[in-house]
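When a ligand or atom number is given, it counts from 1 through the structure's own listing order.
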Amino acid sequence: MKATAIAPSNIAFIKYWGKKDEKLRLPENGSISMNLSNLKTVTTVEFSRILKEDAVIIDGKSEKKEMERVVKHLDRIRKIANLSDKVKVISQNNFPSETGLSSSASGFAALSLAASKAAGLNLSKKELSILARQGSGSACRSIPDGFVEWLNGDTNESSYAYSLHPASYWHILDVVVIISQDKKDTSSTEGQKLIMSSPFFKVRLSNIKRKISLCKKYLKEKKFSELGELIEAEALELHAIMLTSSPSLIYWLPGTVQVMRLVKKLRSEGLSVYFTVNTGQDIHIIVEGRSRENLLEKLKRIKNVKKVIVNEPSEGVRLINRHLF
Ligand code: DP6
């Protein structure tokens, strides 16, 4: 059977950084995110007895490293479905991958739903989130709708994401600013292995539960500026860990810092804007409806800004009828 799924990427307000179990991808801490309406992956999967080997094409290419990671995930699904058929996978992102926009989140979320359906399984959202997490941690948050919490469980079954609020709950925007399409030199998976070398990682863990409950409270009460302050401080804390790891991880480019400074300046002029950054040079600006036009106008004037993608909160992964082959 053939199945196709579409999944959004997501932006973490409280970040996942570090695993307490590498194999199962159990995180050191819980995290909170929002799904993004205009960063999407579409994936079609078909299992077939006729195929001689697995074929995986992502954005028109078959790269060995990506292929191995995808096949490992397909093996998890074959095991659950008790299936030995080979598989064909075609996947398309509508945004640059490996520049810090979390293509592994949307990618493994779409793959989990499309492949499990194509294998004849009917997994619940919780089961899908547990499955997606094993492909890429942040992917478990692209399964449920809207604003999402990933629970920091100690076992495979207790570490999954669920929806805190639907996408329609709050019309805040995430403006993604693309600084460069160059791929980052250290992946999130590799970067995370360095956590314990930063003297500040333990400090981060000691405060993280409080941060998560504050983030949930501000979301619940729709307190935009409090939420924004928290998100921005969280991103800078994450990068403080990265910068003080050994070897150090420096993901920012001059354009990243320029946009950070612009956001702070606009805030001093009264705009409701806050930034967050993941592993990469691209930067996300969280903005409330009214400040949007002014922000976009200012971004146009920065030479280092290559492209801007405006995102609303989005629903999670879903099946579609338009197959890619
Ligand atoms: C900084 O989910 O890409 O974006 O589980 O190894 O695939 P793996 O890592 P990944 O890490 C995301 C890190 C982050 C923060 C976040 O999205 O929570």
Polar proximity ligand 1 side, Tyr16 side, N/O cut 3.5 Å exclusive:
yes

So the atoms of ligand 1 within less than 4.0 Å of a heavy atom of Ser104 turn out to be 3 (O)

Closest non-hydrogen contact found for Ser116 with Leu128 is OG-CD2, 3.7 Å

Suppose we measure from atom 2 (O) of ligand 1 to each protein heavy atom; which comes out shortest, and what is that distance?
Ser138 OG, 2.6 Å

How are the rings of Phe147 and Trp170 set relative to one another: parallel (under 30°), tilted (30 to 60°) or perpendicular (over 60°)?
tilted

Atom 17 (O) of ligand 1: of Gln192, Arg141, Lys15, Met242, the nearest heavy atom sits on Arg141

N or O contact, Thr279 vs ligand 1, cut-off under 3.5 Å
no

Any heavy atom of Arg69 under 4.0 Å from ligand 1? The part involved is side chain

Go through ligand 1 atom by atom and flag the ones less than 4.0 Å from a non-hydrogen atom of Ser188.
3 (O), 9 (O), 10 (P), 11 (O)

Going by the order shown, which atoms of ligand 1 are within less than 4.0 Å of some heavy atom of Thr189?
6 (O), 7 (O), 8 (P)

For ligand 1, which atoms, with element, lie under 4.0 Å from some heavy atom of Ala12?
16 (C), 17 (O), 18 (O)

For Ser31, is the nearest heavy atom under 4.0 Å from an atom of ligand 1?
no

Quick check on contacts: which atoms of ligand 1 are under 4.0 angstrom from a heavy atom of Lys19?
5 (O), 6 (O), 8 (P)

Heavy atoms only: give me the nearest Pro199-Thr244 pair and the separation to one decimal.
CD-O, 3.9 Å

When Lys15, His284, Glu234 are each screened for side chain to side chain donor-acceptor pair (under 3.5 Å) with Thr276, the one that passes is Lys15

Answer yes or no: is there an ion pair linking Arg69 with Glu66, defined by an N-O contact shorter than 4.0 Å?
no

Consider ligand 1: state whether an atom of it lies below 4.0 angstrom from any non-hydrogen atom of Glu234.
no

Only residue of Glu229, Glu288, Lys264 satisfying side chain to side chain contact (heavy atoms under 4.5 Å, CB included) with Tyr274 is Glu229

Checking side-chain polar atoms at under 3.5 Å, does Arg133 have a donor or acceptor matched by the opposite partner on Asn156?
yes

Does Tyr162 have Lys125 sitting over its ring (NZ/CZ under 6.0 Å from centre, angle to axis within 45°)?
no

